[in-house]
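Beneath this line is the structure, given in structure tokens, with notes to follow.
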Amino acid sequence: MTSKIIHVAVGVILRDQQILLALRSSKQHQGGKWEFPGGKVEDGESVQQALSRELHEEVAIDVTHSQAFMQIEHAYPEKTVLLDIYLVSGFTGEPHGREGQPLRWVTIAELSNIDFPDANQPIVERIQQHFSKQQGS
Ligand SMILES: Nc1nc2c([nH]c(=O)n2[C@@H]2O[C@H](COP(=O)(O)OP(=O)(O)OP(=O)(O)O)[C@@H](O)[C@H]2O)c(=O)[nH]1
Ligand SMILES: [Mg+2]
């Protein structure tokens, strides 16, 4: 098979110890599941450029502070994705779903109960580890 890996910039957007999620439309891959907003890295773009562009297009915010968090390669039956995940701790603008998609803020504990795409399970675990350590120290 010659399928190429799809490189995706993904934002874990933080505000007041909550994280922003968006609902994927039923027509999209993994439709009906909640996601961390983001999208495909285009040719000639850095991951952070893609992240800023996608978050502006999808949820109408402008990123002012982000840091690389983790990468996950996951093979779905129909495609393989490389999720390049950034923590977004600073942004301007009030998020809203510019493509009509519902948004919600959830606590870090609530992430365990969300219906995410299969690739996301390690992200949830890593976020929960990362923030429990910060609180405990
Ligand atoms: N944005 C986002 N994509 C994810 C997550 N988890 C996950 O498996 N993906 C997969 O990453 C791939 C690309 O994401 P996307 O559909 O947001 O890409 P995009 O915004 O460029 O969309 P488009 O193709 O409609 O233009 C999809 O196959 C999607 O299922 C996630 O948490 N956030
Ligand atoms: Mg997207």
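Whatever order the structure lists them in is the order used to number ligands and atoms, beginning at 1. All values reported here derive from a predicted model rather than from experimental measurement. The residues of the chain are indexed from 1 along the displayed sequence.
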Completion exercise
When distances are taken from atom 13 (C) of ligand 1, the protein heavy atom at minimum range is Val8 CG2, 3.5 Å

Handout entry: Atom indices of ligand 1 within 4.0 angstrom of Ala119 heavy atoms, with elements
Key = 8 (O)

Exercise for the section: Compare every heavy atom of Ala9 with every heavy atom of Leu51, then report the nearest pair and how far apart it is. Expected result: N-CB, 3.7 Å

Exercise for the section: Step by step, work out the side-chain contact (heavy atoms from CB on, under 4.5 Å) result for Arg126 and Phe69. Expected result: CA-CA 9 Å; Arg126 189 75 170 265; Phe69 186 57; 3.5 Å; yes

Handout entry: Close approach, Lys79 and ligand 1, non-hydrogen under 4.0 angstrom
Key = yes

Exercise for the section: Identify, for atom 4 (C) of ligand 1, the protein heavy atom at the shortest distance, and state residue, atom and that distance. Expected result: Leu83 CD2, 4.1 Å

Handout entry: Non-hydrogen atom of Trp34 closer than 4.0 Å to ligand 1
Key = no

Handout entry: Hydrophobic cluster identity match, Ile114 and Val124, side-chain contacts under 4.5 Å
Key = yes

Handout entry: Non-hydrogen side-chain atoms of Leu103 and Leu21 separated by less than 4.5 Å
Key = no

Problem - Atoms of ligand 1 close to Glu58 [distance to a heavy atom under 4.0 angstrom, numbered from 1] - result: 20 (O)

Fill in the blank from the handout: Residue, atom and distance of the protein heavy atom nearest atom 25 (O) of ligand 1 read Gln28 NE2, 4.0 Å

Fill in the blank from the handout: Among His7, Glu42, His29, closest by heavy atom to atom 28 (O) of ligand 1 is His29

Practice task
Decide yes or no on salt bridge (charged side-chain N to carboxylate O under 4.0 Å, His left out) for Glu45 and Arg53, but give the supporting numbers first.
Solution key: CA-CA 10 Å; Glu45 242 181 4; Arg53 177 182 52 71; 2.5 Å; yes

Exercise for the section: Only heavy atoms count here, so choose which of Lys33, Arg24, Glu35 is nearest to atom 15 (P) of ligand 1. Expected result: Arg24

Problem - Euclidean distance, Glu54 CD relative to Gln49 CD, rounded to 0.5 Å - result: 12.5 Å

Handout entry: Thr92: side chain to side chain contact (heavy atoms under 4.5 Å, CB included) partners, not counting sequence neighbours
Key = Asp62, Thr64

Practice task
Indicate whether the side chain of Glu125 and that of Gln129 have a donor and an acceptor atom separated by less than 3.5 Å.
Solution key: no

Problem - ligand 1 contact on His74 by region, counting heavy-atom pairs under 4.0 Å - result: neither

Completion exercise
In terms of heavy-atom contacts, Trp105 and Leu14 come closest through CZ3-C, 4.3 Å

Exercise for the section: Show all protein N/O/S atoms under 2.8 Å from the Mg ion (ligand 2), or state that there are none. Expected result: Gly38 O, Glu58 OE2

Problem - Gln101-Ser25 side chain donor-acceptor pair, cut-off 3.5 Å - result: no

Problem - Close-contact set for ligand 1 against Gly39 heavy atoms, below 4.0 Å - result: 17 (O), 18 (O), 19 (P), 20 (O), 21 (O)

Exercise for the section: Would you mind reporting whether Val8 and Ile6 have side-chain heavy atoms less than 4.5 Å apart? Expected result: yes

Practice task
Pull out every atom of ligand 1 sitting under 4.0 Å from any heavy atom of Lys40, numbered as shown with elements.
Solution key: 18 (O), 19 (P), 21 (O), 22 (O), 23 (P), 24 (O)

Problem - Shortest protein heavy-atom distance from atom 33 (N) of ligand 1, along with the residue and atom involved - result: Phe36 O, 2.7 Å

Practice task
Kindly confirm or rule out an N or O of Pro117 lying under 3.5 angstrom from an N or O of ligand 1.
Solution key: no

Exercise for the section: Ignoring angles and geometry beyond distance, decide whether Gln30 reaches within less than 3.5 Å of ligand 1 through its nitrogen or oxygen atoms. Expected result: no

Handout entry: Ion pair check, Arg15 and Glu94, cut-off under 4.0 Å
Key = yes

Problem - Greater than 12 external heavy atoms within 6.0 Å of His65's NE2 - result: no

Problem - Pair listing, side-chain hydrogen bond (donor to acceptor under 3.5 Å, both in side chains) test, anchored in residues 73-83, at least two apart - result: His29-Glu78

Handout entry: Sub-4.0 Å atoms of ligand 1 with respect to non-hydrogen atoms of Tyr76
Key = 7 (C), 8 (O)

Handout entry: Any donor-acceptor pair under 3.5 Å from Gln30 side chain to Arg24 backbone
Key = no

Completion exercise
Going by the 4.0 angstrom heavy-atom rule, the piece of Phe116 near ligand 1 is neither

Handout entry: For Asp84, all residues meeting side chain to side chain donor-acceptor pair (under 3.5 Å), sequence neighbours excluded
Key = His7, Gln71

Completion exercise
Going by the 4.0 angstrom heavy-atom rule, the piece of Ile6 near ligand 1 is neither

Completion exercise
In this structure, atom 5 (C) of ligand 1 is nearest to the protein heavy atom Asn120 OD1, 3.8 Å

Practice task
Below 4.0 angstrom from a heavy atom of Gly38, which ligand 1 atoms are there? Numbered from 1 as shown, please.
Solution key: 1 (N), 17 (O), 20 (O)

